[in-house]
Structures are given as C-alpha cells and as structure tokens.
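Order of the sequence lines sets the chain letters (A, B, ...), proteins ahead of strands, with each chain counted from 1.
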There are 2 protein chains.
Amino acid sequence: MVENDKQTEEKIFESATAVFIDKGMDGARMQDIADHAGINKSLLHYYYRTKERLFNAVFEKIAGQLFRRFAPVLDEKLSLEEKIRFFFREHITFLQKNPGLPSFFLNEINRNPAMIKKFIRHIDINKLWTTLEAQHKEELKKYNITRETVPQFMTSIAAMSVFPFAGRVLIASIMEKMGYDFDDYIEKRKEYAADFVISAIKK
Amino acid sequence: MVENDKQTEEKIFESATAVFIDKGMDGARMQDIADHAGINKSLLHYYYRTKERLFNAVFEKIAGQLFRRFAPVLDEKLSLEEKIRFFFREHITFLQKNPGLPSFFLNEINRNPAMIKKFIRHIDINKLWTTLEAQHKEELKKYNITRETVPQFMTSIAAMSVFPFAGRVLIASIMEKMGYDFDDYIEKRKEYAADFVISAIKK
DNA sequence: GTCTATAGAAGGATAGAC
DNA sequence: GTCTATCCTTCTATAGAC
C-alpha cells in the first residue's frame with residue numbers, strides 16, 4: 001500500500017533524525033532507530049539500503065533548514081538595524097524549536113569535512129554580500145562594514161545566536177547551578193543579541 | 001624500566017588525545033590510537049584497561065585546559081576594557097594552537113551530559129562574578145552589566161572567541177570560496193572581538 | 001612491558017518466508 | 001511491505017608466550 005509506504009518511510013526518517021541528532025552518526029545504532037520507529041531493523045535497509053544513505057538524507061535536510069533561514073531577511077524592506085533585529089528574532093525562535101541542530105551540524109561537519117561540498121551550494125555569500133551592499137550602501141559605510149571586515153561581522157552575528165545552542169548543555173548546567181533559567185535566557189537573547197550587535201557597530 | 005613506562009604511557013595519552021579530538025569518542029578506534037602511537041593495541045588496555053577510562057583521562061585534561069584559561073585574567077591589575085582585550089588575546093592564541101578543542105569538547109558534553117559534573121567544580125562562576133564585581137563596581141554599573149545580564153554578557157564573550165573554532169571547518173570553507181584567509185581572519189579577531197564587545201557595552 | 005592470537009560481543013547488512 | 005534468522009565484519013578486551 002502506497003499509504004503505508006509513505007507512513008513507514010516518513011516514520012523512519014523522523015526517527016533517524018531524532019537519533020542521529022542525539023547520538024551523532026558514529027554513536028547512532030540502526031537498532032536504536034528501528035526501536036524509535038517501532039519497526040524492524042531490516043526495514044531500514046529496505047527503504048534506505050545503508051546507514052550512510054539514511055544519514056545523508058537526514059543531514060541534507062537539516063543543512064537545508066539551517067541555511068535557508070539566513071536568506072529571507074534580505075527580502076524584507078527594512079533598515080539594516082531592523083534586519084539585525086529581525087534575524088535574531090527569527091533565527092533564535094527557530095533554534096528554540098530545534099536546539100540540537102547546531103551542535104549536531106557543526107560536529108558532523110568537523111568529522112567529515114568532505115560533506116560541506118554537498119550543500120555549500122545553498123550558500124552564496126558573495127551574492128548575499130552584493131545584495132546587502134546594494135540595499136544598505138550608506139549604512140554599511142557608516143558602520144564601517146567593508147569587504148575586509150564582513151567575515152568578522154557575519155561570524156559575530158552567527159556566534160551570538162548559534163553559540164548558546166551549540167553549548168547549551170554546558171551553559172544550561174552552569175546557569176542552573178547559579179540560579180538562572182536557560183529558557184528565559186534564550187528568550188531574552190533575541191533582543192539582547194540585537195542590541196549588542198547594533199551597539200557594537202555604532203561605536 | 002620506569003623510563004620506558006613513562007614514555008609509552010605518555011605516548012598513548014598523546015595519541016589518544018589526537019585521535020579522540022579528531023574522531024570523537026564514538027568514532028575513535030583503539031586500533032587508530034595504537035597505530036598513531038606506533039605500538040600494539042593490547043598495550044592500551046595494559047595501561048588504561050578500557051577505552052572509556054582512556055577517554056575520560058583525555059577528556060578531563062582537556063576540560064581543565066579549557067577552563068583554567070578563564071580565571072587568570074582576574075588576577076591582572078587592569079581596567080575592565082583592558083581585561084576584555086587581554087582575554088581575547090590570550091584565549092584566541094590558545095585556541096590557535098588547539099583549534100579542535102571547542103568542537104570536541106562541546107560535542108562530547110552534548111552526547112553525555114553526565115560528564116559535566118566531573119569538571120564543573122573547575123568553574124565557580126559565582127566567585128568569578130563576585131571578584132569581578134569587587135574589582136570593577138563602577139565600570140560594571142556604567143556598562144549596565146548586572147546580575148541579571150551577566151549570563152548574556154559572559155556567553156557573548158565566549159561566543160565571540162569560541163564560535164569561529166567550533167565552526168572552523170565550515171567557516172574556513174566558506175571563506176576560502178570567497179577569497180579570504182582563515183588564519184588571517186583569526187589573527188585579526190583578537191582585536192576585532194575586543195573592539196566589538198567594548199563598543200557593544202558602551203552603547 | 002610488549003607482543004601474538006583469539007575470545008566474545010555488537011553492529012550493519014542480507015536471505016528468504018510470509 | 002514486513003518479519004525472523006543469520007551471515008560477516010569490526011571492535012573491545014583478555015589470555016598467554018616471551
């Protein structure tokens with residue numbers, strides 16, 4: 001039955017996503033995924049042939065999700081400052097719903113750098129920069145964001161939203177020990193990060 | 001021979017460190033470590049009994065290295081701004097020599113949160129905050145760094161120096177594609193990050 | 001202390017029945 | 001399409017000779 005096929009294949013994919021994010025490629029067991037999906041181990045091979053193919057399917061989906069999030073901000077008709085606010089609000093909200101993605105993604109990339117080529121096409125930073133420059137020539141000049149400093153600027157933005165999630169287990173532990181609430185910290189970070197970055201470039 | 005014991009045990013430890021950082025706990029093979037050390041696989045068990053014990057030894061050393069780096073800045077007789085500059089210079093220089101540590105550390109923590117308890121004693125942030133408050137009461141007030149916002153502030157500092165290394169394979173790839181040099185970017189980041197943070201809190 | 005040989009377990013993958 | 005049974009490889013760990 002086609003209906004059942006779809007259900008099973010999707011269930012496998014979702015279970016694989018959960019298990020791979022939790023354990024990583026090396027730590028994940030096909031048995032774990034089968035158990036999570038409530039099906040037999042050999043069905044995984046029936047639908048995806050090998051562990052590697054299953055992993056690649058999951059990884060590509062996640063990579064796409066992560067990077068498609070960076071582009072839409074450019075389409076908005078907003079000032080540069082408003083775009084910074086918009087980005088942090090959207091991106092951190094997305095990560096709140098998917099807190100395990102940054103750590104999973106960065107780690108798998110480090111373990112297997114060859115995988116970058118598969119999705120680096122999703123990212124055309126030269127185009128992103130050209131667009132940004134066309135939209136905000138005056139503001140960029142005012143803030144001293146040039147072709148020289150744009151990597152510093154962009155990675156600082158990414159760092160401000162991604163790092164709290166990449167290190168969330170550690171950060172949450174330390175905060176708990178000190179009487180802070182991690183979820184509250186994240187919620188407030190949407191505004192804090194925007195203020196922080198805007199102040200930083202205003203000088 | 002005691003001389004030989006020490007040499008072999010150290011060689012194993014160093015090889016294990018290299019392999020674990022590269023492959024992670026789950027991806028590392030005892031055979032890889034033995035090959036790297038140029039010795040027989042069973043010698044690993046002779047000195048460390050199990051893979052887990054060997055890993056724990058490596059992990060604890062690395063965790064110590066990473067966190068002891070945060071404290072000395074407090075001993076210096078410097079203004080808050082100078083301390084921020086001092087920290088980025090020292091910490092990024094350390095990470096230049098050990099670029100794989102952040103990714104390895106954060107990932108293993110996420111995979112096995114229970115490990116945090118083993119070294120969270122290295123970190124007494126309440127004491128750190130009390131010291132900082134005593135040393136820079138006026139400046140902290142001026143910059144609006146309070147007990148409320150200190151987690152935001154501290155994680156932003158950490159993010160600015162750690163994130164470029166945690167995501168270095170990805171960042172370096174994108175930069176190479178765009179004609180930037182990663183090492184140059186990192187070298188310049190020591191100053192950029194300090195300027196960025198100081199401007200951010202000055203408002 | 002270091003090696004060879006191998007036990008014992010686990011995991012990925014396949015064959016074949018239904 | 002889904003299951004049971006099982007193969008084959010890989011990996012950790014140990015036994016035992018030197």
Indicate whether the side chain of A/Glu81 and that of A/Tyr143 have a donor and an acceptor atom separated by less than 3.5 Å.
-> yes
Could you give the NZ-to-P distance, from B/Lys41 to D/dT14, as a whole number of Å?
-> 12 Å
Bend angle of the helix from C/dG1-D/dC18 to C/dC18-D/dG1 from five-pair axes at both ends, rounded to 10°?
-> 10°
Between A/Asp195 and A/Arg85, is there a salt bridge with N-O shorter than 4.0 Å?
-> yes
Would you kindly say whether B/Asn112 and B/Glu108 are connected by a side-chain donor-acceptor distance under 3.5 Å?
-> no
Apply side chain to side chain contact (heavy atoms under 4.5 Å, CB included) to B/Val73 and list each qualifying residue two or more places apart in sequence or on a separate chain.
-> B/Lys83, B/Phe86, B/Phe87
Given C/dT2, D/dA15, D/dC3, which nucleotide is nearest the side-chain atoms of A/Asn40?
-> D/dC3
Compile the donor-acceptor pairs under 3.5 Å between side chains in residues 173-180 of chain B and protein atoms, sequence neighbours left out, one pair per line.
residue: B/Ser173; atom: OG; partner: B/Val169; partner atom: O; Å: 2.9
residue: B/Lys177; atom: NZ; partner: A/Ile120; partner atom: O; Å: 3.4
residue: B/Lys177; atom: NZ; partner: A/Ile123; partner atom: O; Å: 2.9
residue: B/Tyr180; atom: OH; partner: A/Arg147; partner atom: O; Å: 2.5
residue: B/Tyr180; atom: OH; partner: A/Arg147; partner atom: NH1; Å: 3.0

Using the test salt bridge (charged side-chain N to carboxylate O under 4.0 Å, His left out), find all partners of B/Lys190 that sit at least two apart in sequence or belong to another chain.
-> B/Glu187
Is there a donor-acceptor contact under 3.5 Å linking the side chains of A/Thr93 and A/Glu90?
-> no
Sequence neighbours left out, what pairs pass side-chain hydrogen bond (donor to acceptor under 3.5 Å, both in side chains) with at least one residue falling in residues 157-170 of chain A?
-> A/His91-A/Ser161
Distance test, side-chain N/O of A/His45 to OP1/OP2 of C/dT14, below 4.0 Å | no
Kindly say if A/Thr8 contacts the phosphate of D/dT2, meaning a side-chain N or O under 4.0 Å from OP1 or OP2.
-> yes
Taking only heavy atoms on the protein side, list every residue of residues 23-38 of chain A lying under 4.0 Å from any atom of DNA chain C, sorted numerically.
-> A/Ala28, A/Arg29, A/Met30
B/Tyr47 side-chain N/O to C/dT2 phosphate OP1/OP2 under 4.0 Å = yes
Base, sugar-phosphate, or nothing for B/Thr50, non-hydrogen atoms under 4.0 angstrom?
-> sugar-phosphate
Scan side-chain atoms only and decide if B/Ser156 and A/Tyr192 contain a donor-acceptor pair under the 3.5 Å cut-off.
-> no
Just how far, in rounded Å, is C1' of C/dA13 from CG of A/Leu43?
-> 14 Å
Side chain of A/Arg49 only, please: which of C/dT2, D/dT12, C/dT14 is the nearest?
-> C/dT14
